[in-house]
Protein chains: 2
Amino acid sequence: MIHKEDPFKANFDSLEEFADRISDLLQCPITIEDANHRLIAYSAHDDYTDPARTATIISRRVPEKVINSLWKTGVIPALLSSEEPLRVETISDVGLGNRVAVSIWKNNEVIGFIWALETGRTLSKDDMELLKKAAKAAKNKVLQLYMRKNKREERVQEFFWKLLTGHIKTNEEIHENFSAMQIPAAPRFSVLVFRFANGITSDLEKQISYILQTTQQVQVLLYTVERNDFILLVAPKSADQPLYELNQFISSFATKMKERFHINSIQSSFGGIYETFEYIEKSYKEALTVLSMKEKFPEQTFSIYGYQQLGIYQFFDLLLEKKQQGEFANSALTKLQAYDEKHHTNLIETYEAFFDHDSNVNETAKALNIHPNTLSYRLKRIAEIGEIDLHNMNQKVKLYIDIKLAKYEALH
Amino acid sequence: MIHKEDPFKANFDSLEEFADRISDLLQCPITIEDANHRLIAYSAHDDYTDPARTATIISRRVPEKVINSLWKTGVIPALLSSEEPLRVETISDVGLGNRVAVSIWKNNEVIGFIWALETGRTLSKDDMELLKKAAKAAKNKVLQLYMRKNKREERVQEFFWKLLTGHIKTNEEIHENFSAMQIPAAPRFSVLVFRFANGITSDLEKQISYILQTTQQVQVLLYTVERNDFILLVAPKSADQPLYELNQFISSFATKMKERFHINSIQSSFGGIYETFEYIEKSYKEALTVLSMKEKFPEQTFSIYGYQQLGIYQFFDLLLEKKQQGEFANSALTKLQAYDEKHHTNLIETYEAFFDHDSNVNETAKALNIHPNTLSYRLKRIAEIGEIDLHNMNQKVKLYIDIKLAKYEALH
DNA sequence: CATTATTTTGTGGATTTCCACAAAATTAAT
DNA sequence: ATTAATTTTGTGGAAATCCACAAAATAATG
């Protein structure tokens with residue numbers, strides 16, 4: 001099939017119609033996606049489609065695992081760096097058959113993709129050329145969509161910011177806005193913050209937004225940007241393990257940012273998980289509290305992301321304030337410190353390590369490079385010197401807290 | 001030996017002289033004590049004295065174990081209820097040889113004792129009569145001492161009260177007063193409070209004072225009375241186990257008050273142990289904090305006396321305040337509560353009991369009357385439902401605190 | 001420098017904990 | 001009322017803890 005003149009010169013009303021036209025010309029199923037792999041249009045009269053395409057059409061977005069594998073195999077990076085069509089071999093793990101893809105460009109930016117599934121036949125050089133022309137012809141329509149989405153995005157972000165700062169209080173008002181903007185409802189949510197080392201440029205924002213759009217672990221209801229912080233309203237899917245899901249999300253986000261965009265050192269946190277929207281502001285503040293604590297007390301909190309996981313550190317600022325007014329003097333701690341000082345021992349360090357390792361003798365001994373019996377001996381001495389009963393939860397905990405608090409104070 | 005006329009008619013200059021006179025007449029060593037068993041005077045020209053008397057003279061007070069045994073054998077109660085001389089058989093445990101005692105009375109009150117040690121000879125009926133007369137004759141001189149002591153006591157109490165309320169601040173000023181009033185210095189001290197069910201009458205005050213004067217476990221530097229509270233400045237003797245000594249003191253005080261005066265239900269507490277006197281006010285406040293906490297949260301604190309032992313409850317009022325402002329919501333706790341509610345389970349109670357029993361599976365199971373495996377199973381469920389890692393000290397502790405805090409809030 | 005006190009490491013055995021598995025009992029759901 | 005899910009109790013064996021004791025190493029003291 002040879003097309004001397006541009007077969008896409010004629011106007012078309014919708015991108016669906018356009019997809020069908022390409023499909024007719026190339027004799028294979030066509031899918032058009034936006035830059036975030038959301039479905040824009042697809043050709044209708046095809047007899048066969050592979051599982052990946054089916055899933056894409058059903059959920060109106062490309063499945064996350066498909067996107068991940070397209071990144072890993074270098075397909076998407078190639079599409080983002082060249083206007084040339086690219087053949088993708090079958091990746092059967094994710095139900096992806098042979099296909100050819102091309103990116104749609106506006107100036108120096110990719111604003112979408114066209115996919116041609118090679119079901120019956122393999123595309124020729126000329127067919128590839130044709131696909132490239134199709135990409136150019138689709139530009140304007142995709143751009144319109146893109147602009148429209150951007151405008152909506154701005155309105156939505158403004159709304160989110162009002163929620164975060166508590167400028168919209170009543171549940172009714174919030175719900176009205178949610179449905180007006182077609183933001184899906186969710187039974188529970190949390191505010192999540194990614195804090196970057198530098199200010200978030202609009203380029204970076206697009207990259208983040210891209211990763212979020214292609215994430216299906218949690219539902220991202222809203223997001224906005226504030227200096228170095230990328231702030232999200234996210235809804236974990238399960239009622240059973242919301243914390244687990246959020247942690248997973250954070251970790252996979254960090255991995256993706258690192259692998260795909262070489263951005264390291266993102267600090268992440270999320271606030272409490274709540275069920276009604278009045279708590280958005282609170283959850284946000286809690287997320288900020290976690291970040292602030294992670295900054296001030298990094299060694300103790302590096303593995304903590306959620307406000308709940310922050311545990312006793314939630315009230316450390318409160319305790320510190322009182323401590324600095326001279327309260328909560330712990331004579332056990334004082335005595336142990338004095339003993340350590342005088343005899344060059346490590347009783348406090350030992351105590352701390354022991355409880356950091358969940359009162360597990362062997363683990364702690366290993367971590368401290370000492371014999372387990374040495375650890376036992378030291379604990380016995382700690383009990384004697386500090387006059388503290390190590391079988392008493394209350395006393396144990398108090399000393400543990402006081403040790404951490406002293407560390408915190410020293411860092412301050 | 002018969003003495004028709006009163007042999008004590010003649011004036012005498014000092015009680016020492018008087019003791020010698022009796023000793024001459026009865027041919028045995030004589031000791032005169034005040035109502036609190038402090039040595040007032042003793043006869044000098046005696047060839048033999050038993051260990052109890054020696055110790056009494058050396059330390060200028062009757063040893064505590066001797067007093068205890070005189071109470072147990074009913075000697076002191078008898079002396080306190082009758083003017084008649086009383087023979088005491090040897091109590092060899094405490095180094096007490098045979099002797100005769102008589103109490104010195106002023107109106108209806110005992111203000112001292114005279115002891116005659118039967119070293120060589122046994123006292124006859126007439127000798128006893130003589131001793132009784134001696135007690136009457138000693139009255140005035142002993143009373144003078146008694147009054148003088150009382151006056152000093154008043155001045156000292158006033159001074160102590162100023163210390164407690166922070167009206168004397170500088171260490172210098174405090175030290176000056178201490179030496180002016182001949183209060184012994186002590187390397188470390190704490191303020192201790194006994195709170196009685198009712199106001200402290202002057203009778204009760206005397207009884208308490210009596211017990212304190214005869215106590216040698218800790219050194220009582222100062223005391224005073226405020227409504228229902230008997231407030232003491234005490235100095236533990238050892239540097240190693242001051243807490244232990246103070247706890248012992250409290251427990252033995254309670255026992256004595258019960259056994260000797262049938263007074264139950266004393267609430268006791270003490271503040272921090274400090275080394276410089278500026279902290280007296282603070283220690284006092286801490287002691288009051290303990291008492292207040294014991295009142296508000298009795299089940300959790302019934303075995304706590306010292307401020308240090310109060311542990312995490314030291315900052316419960318602080319936490320409660322924040323909690324009531326809506327902070328520190330713990331979703332793990334919320335979920336567990338919901339689960340308990342819905343399925344009629346006891347997860348929270350189980351968790352609490354487990355840590356109250358120092359994470360000891362067997363003990364806890366016994367206390368809850370369940371199989372140890374049931375406990376394990378419940379803990380596993382708690383971890384799942386609350387999304388909490390039971391191998392993580394921080395998370396464990398936070399939930400424990402939050403459970404106790406919820407209880408505390410409910411009691412409020 | 002010698003002596004004493006304290007700390008560390010090692011050994012062995014009784015006890016306890018931890019788990020996996022399974023049967024019974026109870027509760028919830030259709 | 002039957003089925004399914006959850007909870008409780010039981011058994012047994014591997015692993016870990018605890019403890020007493022002792023030798024070696026180190027630190028403190030006169």
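Atoms considered below: every heavy atom in the structure, side chains included; atoms not considered: hydrogens, waters and symmetry mates. Each chain gets a letter, A, B and so on, in the order the sequences are listed, and its residues count up from 1.
Listed nucleotides: D:dT17, D:dT11, C:dG10. Nearest to the side chain of A:Asn373: C:dG10. Set against C:dC18, D:dT9, D:dT7, the side chain of B:Val361 has C:dC18 as its closest nucleotide. Minimum atom distance to the side chain of A:His371 is reached by C:dT11, of the listed C:dT6, C:dT16, C:dT11. Nearest to the side chain of B:Ile370, among C:dG10, D:dT9, C:dT8, sits D:dT9. Nearest nucleotide to the side chain of A:Arg381, out of D:dA28, C:dT7, C:dT16: C:dT7. When each of C:dT6, C:dT8, D:dT7 is scored by its nearest atom to the side-chain atoms of A:Arg378, the top-ranked nucleotide is C:dT8.
Rounded to a whole Å, the NZ atom of A:Lys342 is 13 Å from the C1' atom of C:dT6. One atom, CD1 of A:Ile382, and another, C1' of C:dT6, lie 15 Å apart when rounded to the nearest Å. Atom CG of B:Leu375 is separated from atom C1' of D:dT9 by 13 Å (rounded to the nearest Å). Here the P atom of nucleotide C:dA28 and the CD atom of B:Glu341 are 13 Å apart, to the nearest Å. Spacing between atom CG of B:Asn360 and atom C1' of C:dC18 amounts to 13 Å, rounded to whole angstrom units. If you take NE2 of A:His343 and P of D:dT29, they are 7 Å apart, rounded to a whole angstrom. Rounded to whole Å, the distance from CG on A:Asn346 to P on D:dT26 is 15 Å. The nearest whole Å value for the distance from the CG atom in A:Asn362 to the P atom in C:dC18 is 13 Å.
Residues B:His344 and B:Glu363 each lie close to DNA chain C; by heavy-atom proximity, the contact nearer the 5' end of the strand is made by B:Glu363.
When the side-chain nitrogen and oxygen atoms of B:Tyr339 are compared with OP1 and OP2 of D:dT7, one or more of them lie within a distance under 4.0 Å. Between B:Tyr377 and D:dT7 there is a side-chain polar atom (N or O) within less than 4.0 angstrom of OP1 or OP2. Taking 4.0 angstrom as the limit, B:Thr374 places none of its side-chain polar atoms (N or O) nearer than this to OP1 or OP2 of D:dT7.
With no hydrogens or angles considered, no side-chain donor-acceptor pair links B:Gln314 and B:Thr289 at under 3.5 Å. A donor-acceptor pair shorter than 3.5 Å cannot be found between the side chains of B:Thr276 and B:Asn171.
For the pair B:Lys407 and B:Glu352, the salt-bridge criterion is met [side-chain N within less than 4.0 Å of a carboxylate O].
Annotation: side chain of A:Lys398 is not in contact with side chain of B:Tyr313 (no heavy-atom distance under 4.5 Å).
Judged purely by atom type and a 3.5 angstrom limit, A:Gln219 has no side-chain atom pairing as donor or acceptor with the backbone of A:Pro236.
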